[in-house]
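For reference, the structure discussed in these notes is given below.
By convention in this document, chain letters (A, B, ...) are assigned in the order of the sequence lines, proteins followed by strands, and residues within each chain are numbered from 1. Values below: every heavy atom of this structure, side chains too, minus hydrogens, waters and symmetry copies.
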Amino acid sequence: MLAVKEIKFSEEMLKQVDEIIKRYPEGKEKSALLPVLHLAQAEFGWCSTEVMDQVASVLNIKPIEVYEVATFYTMFHVKPVGKYVLEVCRTGPCCLVGAEKIIKYLEDKLEIKEGETSADGLFTVKGVECLAACGTGPVLQIGPEYTFYEHLTTDSVDQLLEDLKGRKQ
Amino acid sequence: MAQKILLKDIDVPGIETFDVFRKQGGYSAVEKVLKTMSPEDVVEEVKKSGLRGRGGAGFPTGMKWSFLAKPEGVPRYLVCNADESEPGTFKDRYLMTKLPHVLIEGMIVASYALGANTSYIYVRGEMMPQIRILEKAIAEAKAAGFLGENILGSGYDLEIYVQPGGGAYICGEETALLESLEGKRGNPRIKPPFPAIAGLYGCPTVVNNVESIAATSWIVLNGGDEYAKIGIGRSTGTKLISASGNINKPGVYEIELGLPVEEFIYSDEYCGGIANGKRLKAVVAGGSSVPILPANLILRTVNGEPRLMSYESLADGGFASGTMLGSGGFIVMDEDACIVRNTWNFSRFYHHESCGQCSPCREGTGWMEKILHRIEYGHGKMSDIDLLWDVQRKIEGNTICPLGDAAAWPVASAIRHFRDEFEWHVNEPKAAMEGNYGLAHYADPLPVPAAPSELVK
Ligand SMILES: Cc1cc2nc3c(=O)[nH]c(=O)nc-3n(C[C@H](O)[C@H](O)[C@H](O)COP(=O)(O)O)c2cc1C
Ligand code: SF4
Ligand code: FES
């Protein structure tokens with residue numbers, strides 16, 4: 001199970017935020033919002049209200065400015081998700097080479113529907129739009145490092161799930 | 001072998017590192033412009049090259065640069081569009097993964113030409129690995145003195161930063177991208193003012209695609225005239241084509257513009273023909289937003305001329321019988337592909353990605369998705385096809401940004417060329433659920449193309 005972490009930016013994270021803010025002209029710190037949201041999601045697993053409030057206070061902007069942005073972009077999970085979010089491309093070119101079969105296979109195997117999380121809390125299956133890897137489809141990605149898994153087959157999906165289950169932590 | 005510009009060193013081991021790239025002659029364009037050219041000279045060369053924007057719209061890059069406002073005391077920005085989310089397009093990701101320094105070198109050349117001292121590369125958020133690669137390349141270039149203050153003693157300063165997006169197709173639209181870079185929702189701005197006048201933080205800004213920027217180094221090194229000699233007519237130079245779908249060799253290919261489509265699909269140098277010995281049914285030639293064409297029309301124009309991979313030839317015949325080069329996302333469908341299902345899939349995509357500011361786009365894309373779903377799943381009525389036609393027409397041209405058009409065109413072209421397949425879904429819902437329509441009896445009074453074997457000379 002996921003350990004419940006205290007929602008607070010560590011010293012290390014705050015240092016990274018300072019580095020990010022330096023990329024923009026003075027007074028334009030809000031530009032750091034997307035990178036900092038990515039940082040926060042990688043640390044805390046998903047963008048809960050507490051996480052978003054932290055981001056707002058770190059960047060010295062209003063919470064609503066964070067909420068409206070986090071909910072606009074599909075990469076930010078504003079609801080709890082499994083430990084591994086399997087984001088499978090479901091767009092046209094990948095479907096020509098079998099993406100729909102892969103999604104169905106994952107649904108059946110994990111006994112969930114697209115968008116849901118497996119009972120053990122390990123996997124969320126999410127259909128996402130074209131990942132700019134159409135030449136090596138079907139593909140899926142797993143955050144927070146967004147590792148790509150390409151040319152998926154039912155066998156390689158089995159293997160991937162086993163590998164992920166075997167990972168420590 | 002066709003001329004390679006962007007990918008010429010792709011097979012050199014270690015080319016992603018600064019040292020190897022430099023040994024191959026990398027960064028000599030930066031030396032040349034900083035030591036021997038004025039920013040105006042650079043703009044002039046790019047103008048002469050005839051290079052057109054590779055992000056989709058094909059607007060001449062040199063001309064765009066010359067429109068940049070230059071008020072005193074106001075910073076100017078170059079923003080590289082690496083949002084690459086157009087279905088079927090994966091060339092920028094490929095280039096950034098394998099040849100990050102090609103982009104960084106181009107960024108320095110272009111920033112110098114525009115007088116920008118801070119430039120951003122906006123990369124779609126899912127490309128975290130590519131973001132790391134670019135950040136490393138930037139650090140290497142900086143350590144070698146090609147970035148930072150007083151580059152090569154020229155007095156020119158430049159910093160390049162990489163900005164991650166958050167997974168929103170609309171942020172590829174240049175004004176939405178700027179909003180996003182300012183830390184806001186990706187809602188496109190109403191133009192004018194254009195970014196050249198008021199872009200990032202209200203300052204004059206040029207937004208260019210990865211591939212456009214990457215091409216500028218070669219242009220300044222070899223001269224715009226040399227670049228203009230490659231290609232055909234107003235389609236100068238080379239273009240990266242992302243080839244996907246039912247072909248033997250999907251991948252990214254650098255072609256000289258003007259290559260016959262037939263050669264691109266069937267020759268072993270490129271796609272290597274249709275996979276599994278099937279026949280070609282249809283092609284979406286420039287990313288999901290451009291009109292789909294049936295096999296006969298993608299291989300030849302209505303006048304029977306061979307169709308070429310160029311801006312003009314692909315557009316020959318207008319939308320009645322032509323399409324667009326777009327971003328070069330070349331999606332090939334074989335006889336097993338279902339046009340209705342693919343059109344539904346694309347409509348869902350546009351509905352999902354609509355930012356929601358304009359009602360025709362926000363509502364219309366949703367209606368199209370629903371109607372297409374109904375037809376695909378055997379509940380469609382004949383009047384649905386006309387309704388669909390009506391909805392797409394009411395979106396086109398009535399929105400703030402071109403996403404509305406991009407959503408309308410695939411639907412319009414699918415009905416235009418494959419109406420019989422839509423009608424078959426309505427008339428034979430059970431058969432349509434179980435099987436496939438196969439090669440269309442195309443709506444156009446053109447001969448159905450011959451089998452692939454006969455097409456390969
Ligand atoms: C909905 C939409 C999505 C777009 N996506 C991209 C993209 O991912 N990459 C890109 O370079 N241009 C994209 N464009 C085009 C940009 O608005 C802009 O024209 C382009 O970045 C300009 O660069 P170029 O002149 O070098 O082509 C998109 C446009 C629209 C309307
Ligand atoms: S056309 Fe669609 S995506 Fe573009 S601004 Fe309007 S609602 Fe947003
Ligand atoms: S359609 Fe799946 S990566 Fe492009």
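The shortest heavy-atom contact between Ala133(A) and Phe90(B) is N-CB, 3.9 Å. Scanning both residues, Tyr120(B) and Pro25(A), for their nearest heavy atoms gives OH-CD, 3.8 Å. Nearest approach of Asn345(B) to Cys95(A), heavy atoms of both residues: ND2-SG, 3.4 Å. The minimum heavy-atom distance linking Gly166(B) with Phe76(A) is given by the pair CA-CE1, 4.2 Å. When every heavy atom of Pro129(B) is checked against every heavy atom of Glu145(A), the shortest pair comes out as CD-O, 3.6 Å. Across all non-hydrogen atoms, the minimal contact from Ser244(B) to Cys134(A) is CB-O, 3.7 Å.
Annotation: maximal heavy-atom pairing with chain A below 4.5 Å, among Tyr201(B), Trp344(B), Phe349(B), occurs at Tyr201(B). Considering only heavy-atom pairs separated by less than 4.5 Å from chain B, the leading option among Gly27(A), Pro35(A), Ala32(A) is Pro35(A). Ranked by non-hydrogen atom pairs under 4.5 Å with chain A, the options Asn246(B), Asp92(B), Ile170(B) are led by Asn246(B). Ranked by heavy-atom pairs under 4.5 Å with chain A, the first of Gln163(B), Arg132(B), Lys249(B) is Gln163(B). Annotation: maximal heavy-atom pairing with chain A below 4.5 Å, among Gly251(B), Gly186(B), Pro250(B), occurs at Gly186(B). Residue with the most contacts toward chain B among Lys30(A), Arg90(A), Glu87(A), Glu68(A): Arg90(A) (heavy-atom pairs, distance under 4.5 Å). Between chain A and the options Gly165(B), Ser288(B), Ala275(B), Pro75(B), heavy-atom pairs under 4.5 Å are most frequent for Gly165(B). Put simply, of Gly356(B), Cys338(B), Ala168(B), Pro87(B), the one with the most heavy-atom pairs under 4.5 Å next to chain A is Pro87(B).
Atom-to-atom distance recorded for Ser180(B):OG and Leu33(A):CG is 9.0 Å, nearest 0.5 angstrom. Note that CD1 of Ile331(B) is 10.0 Å distant from SG of Cys94(A), once rounded to the nearest 0.5 Å. The NE2 atom of His352(B) lies 9.5 Å from the OG1 atom of Thr91(A); values are rounded to the nearest 0.5 Å. Between the CE atom of Met128(B) and the CD atom of Gln141(A) there is a distance of 9.5 Å, given to the nearest 0.5 Å. A distance of 7.5 Å separates CG of Asp334(B) from CG of Leu96(A), quoted to the nearest 0.5 Å. For the atom pair Arg23(A) CZ and Thr118(B) OG1, the distance stands at 13.0 Å (nearest 0.5 Å).
For Tyr24(A), the parts lying near chain B are the backbone and the side chain together; criterion is any non-hydrogen pair under 4.5 Å. Contacts of Ile131(B) with chain A are absent, with no heavy-atom separation under 4.5 Å from either backbone or side chain. Tyr77(B) touches chain A through its side chain: at least one heavy atom from C-beta onward sits under 4.5 Å away, while N, CA, C and O do not. Of the two parts of Glu84(B), the backbone and the side chain both hold a non-hydrogen atom closer than 4.5 Å to a non-hydrogen atom of chain A. Within the 4.5 angstrom heavy-atom criterion, only backbone atoms of Glu86(B) (N, CA, C, O) approach chain A. When heavy atoms are compared at a cutoff of 4.5 Å, Tyr169(B) does not approach chain A at all. Heavy-atom distances place no part of Ser242(B) under 4.5 Å from chain A, backbone and side chain included. Proximity to chain A is absent for every atom of Val284(B), based on heavy atoms less than 4.5 angstrom apart. Only the backbone of Thr89(B) comes within less than 4.5 Å of a heavy atom of chain A; no side-chain atom from C-beta onward does.
Glu126(B) contributes no side-chain N or O that, together with a main-chain N or O of Ala132(A), makes up a donor-acceptor pair within less than 3.5 Å.
Enclosure of atom CG in Asp163(A) by more than 12 non-hydrogen atoms of other residues, nucleotides or ligands within 6.0 angstrom is indicated. In Asp108(A), the CG atom is crowded: over 12 heavy atoms of neighbouring residues, nucleotides or ligands sit closer than 6.0 Å.
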* When you look at Arg341(B) and Glu100(A), which way does the salt bridge (charged side-chain N to carboxylate O under 4.0 Å, His left out) test go after all the steps? -> CA-CA 12 Å; Arg341(B) 189 164 188 82; Glu100(A) 287 161 308; 2.6 Å; yes
* Please step through salt bridge (charged side-chain N to carboxylate O under 4.0 Å, His left out) for the pair Arg93(B) and Glu150(A), ending with a clear verdict. => CA-CA 14 Å; Arg93(B) 175 169 175 258; Glu150(A) 308 174 283; 3.8 Å; yes
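Between Lys184(B) and Glu65(A) there is no salt bridge, since none of the side-chain N atoms of the basic residue sits less than 4.0 Å from a carboxylate O of the acidic one.
Side-chain contact between Cys171(B) and Tyr73(A) is present, with at least one heavy-atom pair separated by less than 4.5 Å.
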